[in-house]
Enquirer: 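Here it is, the structure, as structure tokens.
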Amino acid sequence: MPPNSALSENDRILVRVWIDQGAKNTVCTPPPNTGGTTGGTTGGGSTGLKSDAVCFQRDILPILLSSCGTTGCHNQASAREGYVTVSYASVMANMVNPGSPNSSRLYTVVANNNMPPSSYAKLTQASKDSIYNWIKNGALNSVCTSNCDTLTTVTYANQISTLMSLNCVSCHSGSSAQKGIMLDTYANVKTYLDNGKLLSAVKGTSIQMPPGYKITSCELRQLDLWKANGGKQN
Ligand code: HEC
């Protein structure tokens, strides 16, 4: 269906992803630059911010979960040195002094590269800057409508490489890459796209990657669309 005029592959993926996610009667909030109203479904006390602002749920939490709040480090069970970085409440408990990044442990330890420890990838300057700006602006539990865009062509350069750096590269690069799996270059990502392991891991059908949380449904769709278009180095 429809007879003799099949839906485009993109439309079929769209329908499948919607059903996969529970076929909800979802209403999407307007993009952030059309009025600045909040678009969040997670967390309490969310604050709508302009699109260039740093938002905790979109910009900070993924960094904390992938680079700090992991098993053996700062997840709930391990809580090394008493620090837990898996939620807004846990980082606010003892690591953040709102308005003052330089007296916030969360910022100072990543700024001087004490954390993550030597065998792990350091945070990128962009991630450090995001943490700085987020604390400077009051360390709110802010939620922004995602910048995630699936209407224009998904490219490796624009969306996929960013998605990988924010969610995967901290554990999948360098000499301590988990299972020797590298996801830091196009060629490496393409290998795991082609053998099916990347998509099954982010969808949680084999194991769940990143461990402990799922990338957003929009990011999943970007990966599906990028693959459907041949996973090009575009
Ligand atoms: C906190 C560290 C961490 C992060 C972040 C992370 N991974 Fe992993 N990844 C692991 C570990 C550990 C394993 C090995 C798990 C095992 O074999 O039990 C693994 C294994 C994998 C595998 C192999 C799965 C298989 O079927 O053999 C793939 C593919 C993978 N990760 C992709 C990703 C992708 C894509 C992301 C980002 C969306 C990501 N990982 C983020 C730690 C991480």
Side-chain angles (χ1 to χ4, degrees), residues 13 17 20-21 42 56-81 83-87 90-91 106 109-110 115-124 126-128 130-131 146-150 154-229 231-233:
I13 290 174
V17 169
D20 276 351
Q21 289 165 2
T42 44
F56 181 76
Q57 300 284 339
R58 185 192 66 197
D59 306 312
I60 305 298
L61 189 57
I63 303 171
L64 300 180
L65 287 170
S66 65
S67 297
C68 324
T70 53
T71 307
C73 302
H74 300 291
N75 70 357
Q76 204 74 51
S78 310
R80 293 284 287 271
E81 312 282 324
Y83 295 114
V84 177
T85 63
V86 297
S87 64
S90 63
V91 283
L106 178 66
V109 294
V110 297
M115 285 286 143
S118 53
S119 52
Y120 298 88
K122 300 299 169 198
L123 297 194
T124 61
S127 294
K128 292 176 189 172
S130 294
I131 293 174
S146 168
N147 282 337
C148 183
D149 167 24
T150 53
V154 176
T155 64
Y156 180 76
N158 284 337
Q159 291 99 345
I160 305 301
S161 64
T162 312
L163 200 167
M164 293 293 139
S165 349
L166 279 176
N167 298 283
C168 319
V169 166
S170 58
C171 297
H172 292 291
S173 64
S175 52
S176 58
Q178 296 293 338
K179 287 263 160 133
I181 295 173
M182 308 279 272
L183 295 171
D184 53 344
T185 62
Y186 169 75
N188 289 337
V189 173
K190 183 76 163 64
T191 304
Y192 292 96
L193 184 75
D194 288 346
N195 70 16
K197 288 193 171 176
L198 196 152
L199 284 173
S200 72
V202 292
K203 289 175 182 177
T205 41
S206 49
I207 54 178
Q208 173 58 49
M209 284 291 134
Y213 72 100
K214 279 201 159 143
I215 58 172
T216 66
S217 50
C218 178
E219 290 165 335
L220 281 174
R221 179 147 188 273
Q222 289 182 325
L223 279 168
D224 274 332
L225 289 170
W226 182 59
K227 180 166 191 182
N229 281 329
K232 293 190 220 107
Q233 189 169 13

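Whatever order the structure lists ligands and atoms in, that order sets their numbers, starting from 1. Note that this is a predicted model, so its numbers are computed, not measured.
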Enquirer: Scan side-chain atoms only and decide if S127 and S130 contain a donor-acceptor pair under the 3.5 Å cut-off.
Expert: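 Absent: no donor and acceptor within the cut-off.
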Enquirer: Should we count CD of Q208 as having more than 12 external heavy atoms under 6.0 Å?
Expert: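 Counting other residues, nucleotides and ligands, CD of Q208 exceeds 12 neighbours.
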Enquirer: Restricting to pairs with a member in residues 195-207, which pass salt bridge (charged side-chain N to carboxylate O under 4.0 Å, His left out), not counting sequence neighbours?
Expert: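 Every salt bridge (charged side-chain N to carboxylate O under 4.0 Å, His left out) pair that includes a residue of residues 195-207, provided the two are not neighbours, is K203-D224.
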Enquirer: Atom NZ of K128 and atom CD1 of I131: how far apart are they, to the nearest 0.5 Å?
Expert: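 Spacing of NZ (K128) from CD1 (I131) equals 9.5 Å.
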Enquirer: S165 and T162: side-chain hydrogen bond (donor to acceptor under 3.5 Å, both in side chains), yes or no, with the steps?
Expert: CA-CA 5 Å; S165 349; T162 312; 5.6 Å; no
Enquirer: Name each N or O atom in ligand 1 that is under 3.5 Å from a protein N or O, and give the partner atom and the distance.
Expert:
unit_1	atom_1	unit_2	atom_2	d
ligand 1	7 (N)	H172	NE2	2.8
ligand 1	9 (N)	H172	NE2	2.9
ligand 1	17 (O)	K179	NZ	2.8
ligand 1	31 (N)	H172	NE2	2.9
ligand 1	40 (N)	H172	NE2	2.8

Enquirer: Is there a donor-acceptor contact under 3.5 Å linking the side chains of S78 and N75?
Expert: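 Result is yes, a qualifying pair exists.
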